[in-house]
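Just below is one structure, and these are the notes that go with it.
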Amino acid sequence: MSNVRVRFAPSPTGFFHIGSARTALFNWLYARHTGGTFILRIEDTDQARNSEEFLNVIYDSLTWLGMTWDEGPKVGGAFGPYRQSERGDIYKEYLAKLTAAGRTYEKDGAIWFKLLGERSEVFDDHRKKIVTKVATAPTVIDDQIRGHVERVEDEDFVIFRSDGNPVFHFVNVVDDIAMQITHVIRGEDHLSNTSKHVELFKAFGAPVPAFAHIPLILKQNGPGKMSKRDQGALIEEYQKRGYLPEALVNFLSLLGWSPKDDREKMLIADIVALFDFPGINQSNARFDDKKLAHMNMAYLLELPADDFVVRALEYFEKQASPVTAVALAAEPTYLREVLLLSQPKIKSLEELPAYTAYFFTEDFVVDAKVRDKVMGKGEPKLRLAELTELLTTADFSSDTAIEEAIKALAAAKGLGFGDYQSVARLAVSGTNVGPSLTGLFRVLGRERVLARFSRLAAA
RNA sequence: GUCCCCAUCGUCUAGCCCGGUCAGGACGUCUCCCUUUCACGGAGAUAACCGGGGUUCGAAUCCCCGUGGGGACGCCA
């Protein structure tokens, strides 16, 4: 195990979104790549905005995405507690150090961090008030991704609110010191905060960790970074929609990072092996749900049969809709056959309930447009009659057996397979799309097929 | 407004650090092929170095200025 220690430090004040997941992922990847330690720390100092429910969303999402933490809530560790709401004594202790060093003062009931330098009053016309500026030298940030960045930190700032609670900048730095964090990997939106943090590290006489400010994820439509309210922003949404976590992780890893060759679909082990700071971009990335959907499909198609069935079943159970309930009530081996027949055809598990509905009920929807089109062309009823006669005795044991039989029939009549397909498909499924016709027959079974044939013939 | 970061196809990106390739891949879109519908797959097409200066024999690549995009300016995190 290396001495690299990174942390993901979310605050449970909202749902867990794509940007947070990506930050967590880059931290996790770096920890796994270096053989370091991945720490989960909950920044819940703003009691008004926190909730237990949001906390569970964080745990569930991280677990679902496969990002296990080595230290943190639930698993413990030598540097706990890992929830800031439980670290009050530590913060008081660190505050005493700063005060002893003469770096704090009280104003308006709050405790401020005092910068070193000459003071002067200036009117800030953006904020419309007089502020005290401190003549300081620029703070230097050596960023692993941005390089050398300088920013002037020239105003004292609050570290303890008048209600007695410490603020983000303070607890963030104190915990990074106390938890011996070596690399701070976070969104670029924190780059401007970093000068505050560096000044605090220096005031504590603590070593400054390496910083890596990663590019932001921008919303796909409209300006600005992606936020909780944006379409497709929430991790739990993908979980609900049956996306494969490994596909989402793979997609996310490519947002702002590249293995530098043309690989895109990669095993997580390969991503871990290749991931490092030089591969991280400096520019923001726009979220693209089409590419994510494509990635998801690629993973879905490659899933071994047993895995696919398990995931599909999980999805059906989670949906708990009338359609999925009926499917789940079906005979297990039949259900399995239906799912496997559909696997190569669908792009997402979301499509599955609608795609397979007619397997589980005789009362399936018939697409009127398709019906009119199919029944209005050629002699569909005659074809259906011929097929009925054939299938009454045909061998249903395999797709190829059925296929051979239909092809022989078609050949005898001087027709093609296609002449039988559209009407047969309409009869058994009410639509013009679906799995292979022969697979459909085999799984549905002779009785159902013939019953559905006669229903259409009588209509 | 001030400060900070960034800038290659519509999107994600490779190339940039260490100047010299028809600027490569993927998603999307379109065409064709495969085919038993719909997909998958295969072949192809489409499409980019933000602008202007400079350095240089030569700039996507180095420098400067513009412009554009993003972020931060809370007793939120």
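Order of the sequence lines fixes the chain letters, A, B, ..., with proteins taken first and strands second; residue numbering starts at 1 for each chain.
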Distance check, [atom1] atoms only: [N] and [M], in whole angstrom units.
N     : M     : atom1 : answer
B:G52 : B:G10 : C1'   : 26 Å
B:G19 : B:A60 : C1'   : 10 Å
B:C49 : B:U11 : P     : 12 Å
B:G58 : B:G53 : P     : 14 Å
B:U61 : B:A7  : P     : 12 Å
B:G68 : B:C50 : P     : 16 Å
B:U35 : B:A14 : P     : 40 Å
B:C22 : B:A59 : P     : 15 Å

Is [X] close enough to [N] that one of its side-chain N or O atoms is under 4.0 Å from OP1 or OP2 there?
X        : N     : value
A:Gln282 : B:C6  : yes
A:Asn284 : B:C5  : no
A:Lys291 : B:A26 : no
A:Lys260 : B:A14 : yes
A:Asn193 : B:C76 : no

### Query
Does a side-chain N-to-carboxylate-O contact under 4.0 Å join A:Glu264 and A:Lys291?
yes
#### Entry: Salt bridge present between A:Asp156 and A:Lys133 (N-O < 4.0 angstrom)
no
Report which part of the nucleic acid [X] touches: base, sugar-phosphate, or nothing (heavy-atom distance under 4.0 Å, all strands).
X        : result
A:Asp108 : base
A:Ser162 : base
A:Gly224 : sugar-phosphate
A:Arg146 : sugar-phosphate
A:Arg127 : sugar-phosphate
A:Asp124 : nothing
A:Lys347 : sugar-phosphate
A:Ser283 : sugar-phosphate
A:Glu403 : base
A:Ala110 : base
A:Glu264 : base
A:Thr431 : nothing
A:Gly187 : nothing
A:Pro435 : base

Would you kindly give the [atom1]-to-[atom2] distance between [X] and [N], to the nearest whole Å?
X        : N     : atom1 : atom2 : answer
A:Ile141 : B:C4  : CD1   : P     : 11 Å
A:Leu437 : B:U35 : CG    : P     : 17 Å
A:Leu216 : B:C4  : CG    : P     : 18 Å
A:Glu188 : B:A7  : CD    : P     : 11 Å
A:Lys225 : B:G70 : NZ    : P     : 12 Å
A:Ile346 : B:C40 : CD1   : P     : 13 Å
A:Arg442 : B:U36 : CZ    : P     : 18 Å
A:Lys196 : B:A72 : NZ    : C1'   : 8 Å

Go through the side-chain N and O atoms of [X] and [Y] and say whether any donor and acceptor fall under 3.5 Å apart.
X        : Y        : answer
A:Ser398 : A:Thr400 : yes
A:Asn250 : A:Tyr299 : yes
A:Asp44  : A:Ser85  : yes
A:His169 : A:His197 : yes
A:Asp395 : A:Ser397 : yes

G-U wobble or Watson-Crick pairing nucleotide for [N] (cut-off 3.5 Å, both distances):
N     : value
B:C3  : B:G71
B:U11 : B:A26
B:C32 : B:G42
B:U56 : none

[X] side-chain proximity, nearest of [options]:
X        : options             : value
A:His126 : B:C73, B:U37, B:U13 : B:C73
A:Arg161 : B:C5, B:C3, B:C76   : B:C76
A:Val149 : B:U36, B:G25, B:C4  : B:C4
A:Glu43  : B:A14, B:G10, B:A77 : B:A77
A:His169 : B:A77, B:C40, B:A39 : B:A77
A:His190 : B:C3, B:A77, B:C38  : B:A77

### Query
Do A:Phe251 and A:Tyr243 have their ring centres less than 6.0 Å from each other?
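A:Phe251 vs A:Tyr243: aromatic centres not under 6.0 Å.
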### A:Phe16/A:Phe54 aromatic ring centres below 6.0 Å
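No, ring centres 6.0 Å or more apart.
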### Query
Parallel, tilted or perpendicular: which describes the rings of A:Phe441 and A:Phe453, with under 30° parallel and over 60° perpendicular?
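Aromatic pair A:Phe441/A:Phe453 classed perpendicular.
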### Task
Mark yes or no for a side-chain to base donor-acceptor pair under 3.5 Å between A:Lys345 and B:U37, with no hydrogen or angle criteria applied.
yes
### Message
For B:C40, does the O4'-C1'-N9-C4 or O4'-C1'-N1-C2 angle fall within 90° of 0, making it syn, or is it anti?
### Response
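This nucleotide is in syn.
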### Query
How do A:Tyr355 and A:His148 order along RNA chain B: which one's closest nucleotide is nearer the 5' end?
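Result of the comparison: A:His148.
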#### Entry: First of A:Ser436 and A:Gly256 reached from the 5' end of RNA chain B, by closest nucleotide
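Looking at RNA chain B, the more 5' nearest nucleotide goes with A:Gly256.
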